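Atom set for the values below is all heavy atoms of this structure, side chains included, hydrogens, waters and symmetry mates excluded. Worth saying up front: this structure is predicted, and the values here are computed from it rather than measured. Quick note: residue numbers are just sequence positions, from 1.
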Amino acid sequence: VESGSSLPVFREIFAVMGDEQDLGRGLSSFTGQLVRLLNIWQEAGPDSLVLLDEIMADTDPEQGAALAIELLRALVDRGATVVATTHFEAVKRLAYVDQRFVNASVGFDLEKLRPDYTLSVGVPGRSLTFDIARTLGVPDDLLQRAGQWLSQDKISTEQMLQQLEQDRLQLRLLQQQCREQLEQLKRQSDEVAQTGEKLRQQQQVIRREGREQLLGEIQKARRLVAQMIE
C-alpha cells in the first residue's frame, strides 16, 4: 500500500475460501458455501470484514451470478466491508450500477503462470481460461472450437476487458516514461541551478575585483592630482 494508507479496526473477520462441501451433511460445494454465507450475513455488521473467494461459483453461472449480486448487496446493506473475487461478468458489472462497489484486478504473467501483484483499481479482470489453456499446451484448433460455444456478449465483454488490459499496460509504460523524464528534468534543473550559482559567485568575484581595481585607480589619480597641485 502507499504511504499514508489506513484501515478501520475490524472486530470480526469472516472468510469463505476453498471447498465448503460436507458429504457427511449432504452438502455440495454450492450448498456448503451458501450455508456459510447465510451465517455470515446474519452475524456481519459495520465492524466486519468479509472475504469471499469465487462467490457462488459451483452452480449454474447465470443463477449463481444473480444470487451472488444480491448476497453482496445484502452484506453491504448490513454495513460490512466486503472483498470478493469472481469470474462472473454480471458480478463485475455490479460496480457500474451500484456505487458502493468498485472493481479491481491483479496483473497476470502468462509465461510464468503467476500473478505479478500489480493492482489496478477500477478495472475488472478478464478470465484467462483460454490463454492459460494455450500456455499449458491445449491445441489451438480445440480452443477455436471451444470459442464457438461462447455467446457474442461474452466475446464482446472479453474483447473489451482485453482492450482495457492493454490500455492499462500502455498507461503503466507511459507513467514509467513520465517518471523517467521527470527525473531527467529534475537532474537538468539541478545542474542548471548549480551552474547558475557558480555564475552568480563568479559575478560577485568579478564585481569585487573590478570595484577594488576602480578604487585603486581613483586613489592613484588623487595622488597624481595632489602632486600636481603641490
Side-chain angles (χ1 to χ4, degrees), residues 8 10 12-108 115 119-133 143 145-168:
F10 294 112
E12 296 175 308
I13 300 179
F14 303 97
V16 180
M17 298 182 182
D19 200 335
E20 299 290 331
Q21 68 176 323
D22 186 341
L23 298 180
R25 293 190 295 158
L27 296 178
S28 66
S29 298
F30 166 71
T31 53
Q33 185 184 101
L34 184 56
V35 168
R36 180 82 176 106
L37 279 170
L38 289 174
N39 290 335
I40 292 173
W41 172 62
Q42 293 173 351
E43 299 177 25
D47 297 329
S48 301
L49 172 63
V50 183
L51 307 175
L52 306 174
D53 186 36
E54 296 295 345
I55 181 171
M56 295 290 97
D58 297 306
T59 187
D60 174 79
E62 186 175 358
Q63 297 181 21
L67 186 56
I69 288 172
E70 291 310 315
L71 283 169
L72 289 171
R73 281 179 161 171
L75 286 167
V76 174
D77 286 341
R78 295 184 66 87
T81 299
V82 183
V83 180
T85 63
T86 184
H87 281 86
F88 293 148
E89 302 300 335
V91 177
K92 295 176 186 178
R93 290 194 293 268
L94 176 59
Y96 300 107
V97 296
D98 191 330
Q99 297 301 313
R100 297 176 300 173
F101 296 89
V102 63
N103 279 316
S105 56
V106 177
F108 192 84
L119 182 67
S120 298
V121 178
V123 180
R126 65 186 185 94
S127 297
L128 300 172
T129 307
F130 284 15
D131 301 88
I132 294 175
L143 292 174
R145 292 197 300 272
Q148 296 174 0
W149 292 95
L150 297 176
S151 67
Q152 190 59 45
D153 289 342
K154 178 71 174 178
I155 295 174
S156 299
T157 301
E158 285 298 317
Q159 290 174 341
M160 178 192 70
L161 293 177
Q162 185 175 9
Q163 184 61 49
L164 285 173
E165 176 70 10
Q166 293 175 354
D167 292 344
R168 183 184 69 85

Discussion item. Distance check, rounded to the nearest 0.5 Å: Leu143 atom CG versus Gln148 atom CD?
Written reply: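 Rounded to the nearest 0.5 Å, the CG-CD separation comes out at 11.5 Å.
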Worksheet item: Of Leu34, Leu37, Val16, which is the lone residue that meets side-chain contact (heavy atoms from CB on, under 4.5 Å) with Ile55?
Response: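 When side-chain contact (heavy atoms from CB on, under 4.5 Å) is applied between Ile55 and each of Leu34, Leu37, Val16, only Leu37 qualifies.
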Which pairs of donor and acceptor atoms, one on a side chain in residues 69-80, lie under 3.5 Å apart (sequence neighbours left out)?
unit_1: Glu70; atom_1: OE2; unit_2: Arg73; atom_2: NH1; d: 3.3
unit_1: Arg73; atom_1: NE; unit_2: Asp98; atom_2: OD2; d: 3.3
unit_1: Asp77; atom_1: OD1; unit_2: Arg100; atom_2: NH1; d: 2.6
unit_1: Arg78; atom_1: NE; unit_2: Trp41; atom_2: O; d: 2.7
unit_1: Arg78; atom_1: NE; unit_2: Ala44; atom_2: O; d: 3.0
unit_1: Arg78; atom_1: NH2; unit_2: Gln42; atom_2: O; d: 3.3

Practice prompt. Identify, with sequence neighbours excluded, every residue that meets side-chain contact (heavy atoms from CB on, under 4.5 Å) alongside Ile132.
Written response: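 Only Phe108, Leu110, Leu113, Leu128, Leu136 meet the side-chain contact (heavy atoms from CB on, under 4.5 Å) criterion with Ile132.
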Item to complete: Output every pair passing salt bridge (Lys or Arg N to Asp or Glu O under 4.0 Å) with a member in residues 45-55, not counting sequence neighbours, ordered by first then second residue.
Response: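 Every pair satisfying salt bridge (Lys or Arg N to Asp or Glu O under 4.0 Å) with a residue in residues 45-55: Arg11-Asp47.
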Worksheet item: Can you name the side chain to side chain donor-acceptor pair (under 3.5 Å) partners of Glu12, sequence neighbours left out?
Response: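 Testing Glu12 for side chain to side chain donor-acceptor pair (under 3.5 Å), a comparison that skips the adjacent residues, returns Ser48.
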Practice prompt. Go through the structure and list residues passing side chain to side chain donor-acceptor pair (under 3.5 Å) with Thr81, not counting sequence neighbours.
Written response: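 Here no residue qualifies.
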Worksheet item: Just by distance, do the side chain of Lys92 and the backbone of Gly125 share a donor-acceptor pair under 3.5 Å?
Response: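 It does hold such a pair.
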Worksheet item: What heavy-atom pair brings Tyr96 and Pro124 nearest, and what distance separates the two atoms?
Response: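 The pair with the smallest heavy-atom distance is OH-CD, 3.5 Å.
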Worksheet item: So, for Glu43 and Phe14, which heavy atoms are closest and what is the spacing to 0.1 Å?
Response: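 Closest heavy-atom pair between Glu43 and Phe14: OE1-CE2, 3.5 Å.
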Could you go through residues 59-68 and list every donor-acceptor pair under 3.5 Å that involves a side-chain atom there, pairing it with any protein atom two or more places apart or in another chain?
unit_1: Asp60; atom_1: OD2; unit_2: Glu62; atom_2: N; d: 3.2
unit_1: Asp60; atom_1: OD2; unit_2: Gln63; atom_2: N; d: 2.9

